[in-house]
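Below you will find the structure I want to go over with you.
We count residues from 1, following the sequence as given.
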Amino acid sequence: MRVDWLLPMGLAATSALVYTLPAEATQLRFWRFDQQRNQLVFNTDSPVQPRAQMVFNPTRVVIDLPGTTLGRPPQRQAVGGAIREVRSGQFDAQTARLVIELAPGYTLDPRAVEVRGLRSNEWVVQLPQPQASGGATTSPSGNSVTGEYSTNGAMTFLSGVVTTADGFFIRTSGEIPTINLERTGQPGGERQIILDLFDSSISPFLKAEALPNSRYSVSRWDITQDPQRNVTRVVMTLGPGSPDWEVTPTNIGTQTGIVLVPPSGVSISAIPDNPTQGNPQIAVPPTAQPPSNPRPQPNLPPQPTTPTFPPVVNNVRVRVAIDPGHGGRDPGAVGIGGLQEKNVVFPVSQRVAQLLREAGVDVVMTRTSDVTLDLEPRAAIANNANATVFLSIHANAISMSRPDVNGVETYYYSAAGQQLASIIHANVLPASGFGDRGVKQARFYVLRNTAMPAALLELGFVTGANDAPKLRDPAWQENIAQAITRGLLQYLEPYRR
């Protein structure tokens with residue numbers, strides 16, 4: 001279960017709808033915006049897990065409360081200054097929505113927004129100081145993002161560049177971008193691919209450090225904004241080992257963007273990462289090796305014999321990032337009998353890491369102990385490690401009044417992540433003995449900001465009458481760790497060739 005930032009998949013406005021509301025839903029009882037403290041406070045009559053997102057046209061922070069209905073008619077609070085107004089409404093039959101709308105010409109950094117729970121049913125959304133415009137940033141690798149974050153007249157917003165199993169994907173929202181393509185330089189020397197995106201602007205969420213670092217022999221990314229002409233320029237500086245990429249604007253589901261793949265006849269596996277030596281110049285953080293037998297604990301039943309998995313060639317191109325959700329001061333979801341999400345996902349994650357290492361796969365974990373870790377460093381650890389895939393492991397929850405809600409669900413964001421999520425889900429579902437809640441697309445921060453195929457697995461519901469007893473069972477955790485490992489190794493099979 002996550003308190004997470006979601007980025008817009010498009011720019012569609014929300015319409016007012018009328019619903020028949022379920023009697024058992026949590027109710028939003030009170031909210032107000034404190035202008036002096038620049039914060040929104042609210043409470044509900046039972047525990048809730050808010051989700052926040054940033055939406056454009058107009059710019060607003062949207063806080064959704066799943067499984068919640070309004071305890072009173074929709075309300076509006078005029079604020080003034082950089083905050084135009086705050087309002088409440090019923091987004092759909094199961095979701096109450098709070099909206100903080102900024103005045104025209106203002107934006108804010110979503111990474112500086114703090115959504116914290118004072119209690120499980122009482123929350124504070126702390127905003128940073130809104131800004132009229134953004135500036136330029138440069139990452140340690142030399143990548144840069146430059147320009148004012150003006151959205152005037154822009155039909156397309158460039159929100160990120162991610163590495164996929166097939167090449168690169170330049171993520172945008174809004175209209176499919178219209179581009180002008182130019183190639184410079186000669187074979188054997190430094191070359192550049194220059195893409196001008198018309199009627200576009202840089203999203204304020206795009207950070208230079210999140211751009212791919214020496215992947216597929218692309219040594220540098222530069223993204224600049226000309227606010228006068230509403231043109232965003234993307235410059236790829238190619239190393240000698242990089243091909244002349246084919247560039248295609250596309251629409252994948254509800255996600256617009258630009259696909260970059262090698263020309264026909266060039267295998268992606270033959271393209272080295274480092275532009276000059278063929279090896280990635282990435283400082284991989286050390287990974288703490290788990291104890292040789294971390295599973296047994298006092299008064300627990302004996303553990304099953306360690307399974308034998310197919311060997312995988314240990315190659316720097318095969319590295320799995322495992323992200324145990326929550327930790328430290330953040331227990332995650334709390335369910336039946338006080339079962340905490342972090343106490344389920346951490347031992348499962350440790351065991352998956354151990355099994356992968358025994359199969360010859362390099363593993364980096366976002367945390368190796370019970371510590372508090374924000375979302376941004378989780379993605380950064382995977383990106384800096386140049387991981388091949390990323391898997392975030394969680395357990396789900398809903399209102400304690402709904403023990404009938406149970407099951408496994410797996411999320412992805414990009415097209416590359418969909419295959420990973422599907423394979424993991426297909427392995428985990430039969431091993432869990434839980435219901436099937438499907439493979440779904442979502443815009444969770446760790447899925448959007450990791451530069452590799454990424455998936456987020458919800459093992460089951462700590463609030464579920466069927467799921468909770470098994471989630472706390474060490475034998476069940478062992479079986480599910482083996483299933484997750486099988487899924488990851490199945491996905492990684494092409495990398496063995």
Side-chain angles (χ1 to χ4, degrees), residues 139-141 143 160-169 207 209-218 268-269 271-274 278-290 312-325 345 349-350 352-368 373-394 410-421 423-424 444-457 484-485 487-496:
S139 71
S141 64
N143 297 331
V161 182
V162 297
T163 307
T164 72
D166 303 311
F168 297 103
F169 183 62
K207 303 299 176 184
E209 59 268 20
L211 297 174
N213 181 22
S214 296
R215 295 303 304 271
Y216 301 135
S217 287
V218 176
I268 191 71
S269 61
I271 304 172
D273 275 337
N274 186 284
N279 295 309
Q281 294 177 331
I282 303 293
V284 181
T287 56
Q289 295 292 330
V312 173
V313 177
N314 192 10
N315 185 302
V316 293
R317 293 288 292 275
V318 179
R319 177 175 294 123
V320 176
I322 300 293
D323 175 41
V345 302
S349 299
Q350 280 188 310
V352 171
Q354 182 184 18
L355 293 171
L356 286 171
R357 290 184 179 114
E358 291 171 357
V361 177
D362 192 14
V363 178
V364 58
M365 294 187 69
T366 59
R367 63 181 181 92
T368 56
L373 192 65
D374 290 336
L375 296 172
E376 184 176 5
R378 294 174 189 267
I381 287 169
N383 291 334
N384 292 338
N386 204 21
T388 308
V389 296
F390 173 91
L391 176 63
S392 189
I393 301 177
H394 289 258
T410 311
Y411 290 94
Y412 66 94
Y413 176 69
S414 68
Q418 183 175 11
Q419 182 185 15
L420 173 64
I423 291 174
I424 290 173
F444 302 131
Y445 183 96
V446 293
L447 300 184
R448 290 184 288 102
N449 290 278
T450 39
M452 70 283 303
L456 189 149
L457 172 64
I484 294 170
T485 304
L488 287 166
L489 293 179
Q490 180 181 341
Y491 180 86
L492 293 170
E493 179 66 24
Y495 292 86
R496 299 171 55 196

Sidechain-backbone polar pair: Ser217 side chain, Pro272 backbone, donor-acceptor under 3.5 Å: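 Yes: the side chain of Ser217 pairs with the backbone of Pro272.
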
side-chain contact (heavy atoms from CB on, under 4.5 Å) evaluation trace for Tyr216 with Ile268: CA-CA 8 Å; Tyr216 301 135; Ile268 191 71; 3.7 Å; yes

Criterion side-chain contact (heavy atoms from CB on, under 4.5 Å) on Ile381 and Val364, from CA distance to verdict: CA-CA 8 Å; Ile381 287 169; Val364 58; 3.8 Å; yes

Arg319 side chain to Ala385 backbone, donor-acceptor under 3.5 Å: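 Yes, because the side chain of Arg319 sits within donor-acceptor range (under 3.5 Å) of the backbone of Ala385.
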
Leu355 side, atom CG; Gln350 side, atom CD - distance, nearest 0.5 Å: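 Rounded to the nearest 0.5 Å, the CG-CD separation comes out at 12.0 Å.
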
Minimum heavy-atom distance between Gly325 and Arg367, given as atom pair plus value: O-NH2, 3.0 Å

Leu489 CG to Ile484 CD1 distance, which is reported to the nearest 0.5 Å: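 If we round to the nearest 0.5 Å, Leu489:CG and Ile484:CD1 are 12.0 Å apart.
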
Heavy-atom check, side chain of Thr388 versus side chain of Val320, under 4.5 Å: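 With C-beta onward as the side chain, the pair stays apart.
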
Minimum heavy-atom distance between Ala416 and Tyr491, given as atom pair plus value: O-OH, 4.1 Å

Residue list, side-chain hydrogen bond (donor to acceptor under 3.5 Å, both in side chains) with Gln490, at least two apart or on another chain: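 Result, side-chain hydrogen bond (donor to acceptor under 3.5 Å, both in side chains) vs Gln490: Asn427.
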
Pro453 side chain reached by Gln419 side chain, heavy atoms, under 4.5 Å: no

Option from Leu375, Thr366, Leu456, Val345 for which side chain to side chain contact (heavy atoms under 4.5 Å, CB included) with Ser392 holds: Leu456

side-chain contact (heavy atoms from CB on, under 4.5 Å) partners for Ala454, two or more places apart: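 For Ala454, the residues satisfying side-chain contact (heavy atoms from CB on, under 4.5 Å) (neighbours in sequence not counted) are Phe390, Leu447, Thr450.
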
Interatomic spacing from CE in Met452 to OG in Ser414 - rounded to 0.5 Å: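 So the CE of Met452 and the OG of Ser414 are separated by 10.5 Å.
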
Non-hydrogen side-chain atoms of Phe168 and Val162 separated by less than 4.5 Å: no

Test side-chain contact (heavy atoms from CB on, under 4.5 Å) applied to Val318 and Asp362, step by step: CA-CA 7 Å; Val318 179; Asp362 192 14; over 6 Å; no

Euclidean distance, Ile424 CD1 relative to Thr410 OG1, rounded to 0.5 Å: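 These two atoms lie 7.0 Å from each other.
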
Student check: side-chain heavy atoms of Ile322 and Ile393 closer than 4.5 Å: yes

Test item: Asn386 and Arg215 side chains (from C-beta on) under 4.5 Å apart, heavy atoms: yes

Test item: side-chain donor near acceptor, Asn449 and Arg378, under 3.5 Å: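 No - no donor-acceptor pair under 3.5 Å links their side chains.
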
Contact summary for Tyr445 and Ala379, nearest pair of heavy atoms: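 Distance-wise, the nearest heavy atoms are CE2-CB, 4.3 Å.
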
Within the 6.0 Å centroid threshold, strictly below: Tyr413 and Phe444: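 They do not qualify: ring centres at least 6.0 Å apart.
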
Ala451 to Asn383 - nearest heavy-atom pair and separation: N-OD1, 2.7 Å

4.5 Å side-chain heavy-atom contact, Leu488 and Leu420: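 Yes, close enough: below the 4.5 Å cut-off.
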
